[in-house]
Structure formats: structure tokens, C-alpha cells
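Worksheet for the structure shown next.
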Amino acid sequence: MKFFIDTADIAEIRDLAATGLVDGITTNPSLIAKSGRDLFEVLKEICEVVPGPVSAEVTAIDFDDMLREGRILAKVADNIVVKTPLTVDGLKTCKTLSDDGIKVNVTLCFSAAQAILAAKAGAAYISPFVGRLDDTGADGLQLIAEIVEIYNAYPNFHTEVLVASVRHVGHIIESAKMGADVATIPPAVLRAMYKHPLTDKGLDAFLADWAKTGQTIGDAGGKETRRSA
Ligand code: G3P
């Protein structure tokens, strides 16, 4: 499963990219607004830090303007993926850009029917929003299961399932069990994935026992394990 980070916060991106576990980034107009920065400036910076796919969303709502914006965004860097909304015009834009060799992430997907349309429009990624569906009382993960099943039934569909609107670690675990290709994860949720109280407790015990031995493993000079005097 690939991990994208769902943020336009460059400090968070630099910090998490250093883990070596970040495969890409997704942004949206709300995240750009939250960053308080110029869209093109922040996109360029993100693309320099993360070599993988970086999603940048169009903001127009009609086909001609979406297409124009999509082409402008695609020129920012080679790893830009243009994000279009799941509307008739958004999917027309997706089809045209995809036919031109520009990767598209179709966003705001809330049904299996919409996901089928996005695959037929040549989307590189479909972004079903699990958290926002859960918020309505529906089952966001059920949608992921349906889309994975449908896409697996059609080898000519090359669209990757990108789990979006992730709210907690359970969304990642369950999506991974279903074989979703990618999850775009808020920084706090990725950090939460590392945590387990038994890991902390076990580490504390190991370190306390180790301290009693008076030993060290090497030093700044890289020496081998030795017993201290
Ligand atoms: O970028 C799309 C998506 O992940 C939004 O998440 O938390 O605003 O529902 P959220």
C-alpha cells in the first residue's frame, strides 16, 4: 500500500518524508488555504521534497476552464497529478488530460457508480472520501470494498484506489485488508500508526535493564560493544 500525505504544510511534509515512508502528497483548495501560501510556490516546494505524485486540484467548475487550469498545474513539475472533481465537466477534463498523458486524480467520490465513471475516463487515481461518508452515517469503508472489487473484475481499468478523508488508523488497516492501492493520510494519523502502549512499555523496560549492565554499543567513533570500566 502506498502512503500519500494529505497536507500542504511543507514543514510536516519535510518531517514525514524523512521517514522514507512517504510515496506522494495530496493537496486540495482547503489545504492550500490552510497553508496560507501561494499555490504555485507551495506546489513547487512540495514537488522538490517529494519525488512521488503530488496532487494539485483545479478550482474551475466548467470544462474549458478546468482544462486550462489542469494544463497550467501540470507544468509546475513532472510529478504533478491534476485533481478534478467528480462532475460531468471534471470527468471530461480527466479524459482529455489523461489522453494527453497527464495523470489525473478524480476527487470527491462518494459512490461505486462514480468510481466506474472515473476509471472509464482514464483516471490514474480515484479518491473515495471515507471519513465524510462515515460522518453521514454511511459506511465509508464499504465503498472502498465495492470499488476494489469492481476494479479487480476489469483488468483494463488501471485506476488506483486512493483512500481519502482518512480520520483514524482503523481506516488504514481496513483499507489495506481490502487491497486499496493508496491511502492519503493526515500527518497526525500517520504518526498515530507508530504508536502502541506495549511498545513504549517494552522499550522502557529494555532500557532500564540495559542501563543496569553498564554496557554501551559503540560510541561516536563507532567502536564495538564493550563493558564500561
Ligand atoms: O484531500 C481530500 C481529502 O482527503 C479530504 O479529507 O478530512 O477534509 O474530509 P477531509
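Computed from a predicted model, the values in this text were never measured in an experiment. For this chain, numbers begin at 1 and follow the sequence in order. In each ligand, atom 1 is the first atom listed, and ligand 1 is the first ligand listed.
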Please list the nearest protein heavy atom to [atom] with its residue and the distance rounded to 0.1 Å.
atom: atom 2 (C) of ligand 1; answer: F129 CZ, 3.3 Å
atom: atom 6 (O) of ligand 1; answer: S165 CA, 3.3 Å
atom: atom 8 (O) of ligand 1; answer: R132 NH2, 2.8 Å
atom: atom 4 (O) of ligand 1; answer: D6 OD2, 2.5 Å

Report yes if [X] has an N/O atom closer than 3.5 Å to an N/O atom of ligand 1; otherwise report no.
X: T26; value: no
X: K83; value: yes
X: T184; value: no

Quick one: are T87 and I61 in side-chain contact, heavy atoms under 4.5 Å?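 No, every pair of side-chain atoms sits at 4.5 Å or beyond.
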
Verdict with reasoning, D64 to R68, per salt bridge (Lys or Arg N to Asp or Glu O under 4.0 Å): CA-CA 6 Å; D64 289 335; R68 186 181 50 78; over 6 Å; no

Hey, mind stepping through T107 and F129 against side-chain contact (heavy atoms from CB on, under 4.5 Å) and telling me if it holds? CA-CA 8 Å; T107 189; F129 278 31; 3.3 Å; yes

For residues I185 and L133: do they belong to one hydrophobic cluster (side chain heavy atoms under 4.5 Å, members Ile, Leu, Val, Met, Phe, Trp, Tyr)?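 Linked, I185 and L133 end up in one cluster.
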
For Y154 and F157, take the angle between the two ring planes, folded into 0 to 90°, and tell me which bin it lands in: parallel under 30, tilted 30 to 60, perpendicular over 60.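 It falls in the tilted class, 30° to 60°.
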
Is the CD atom of E149 crowded by more than 12 outside heavy atoms at less than 6.0 Å?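 Open: at most 12 neighbouring heavy atoms sit under 6.0 Å from CD of E149.
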
Side chain, backbone, both or neither: which applies to E57 and ligand 1 if a contact is any heavy-atom pair less than 4.0 Å apart?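 The answer is neither.
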
Mind listing the closest non-hydrogen atom pair of T26 and N105 along with its distance?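 Minimum heavy-atom separation between T26 and N105: CG2-ND2, 4.2 Å.
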
Contact between N28 and ligand 1, counting heavy atoms under 4.0 Å?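 N28 counts as a contact of ligand 1 under the 4.0 Å cut-off.
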
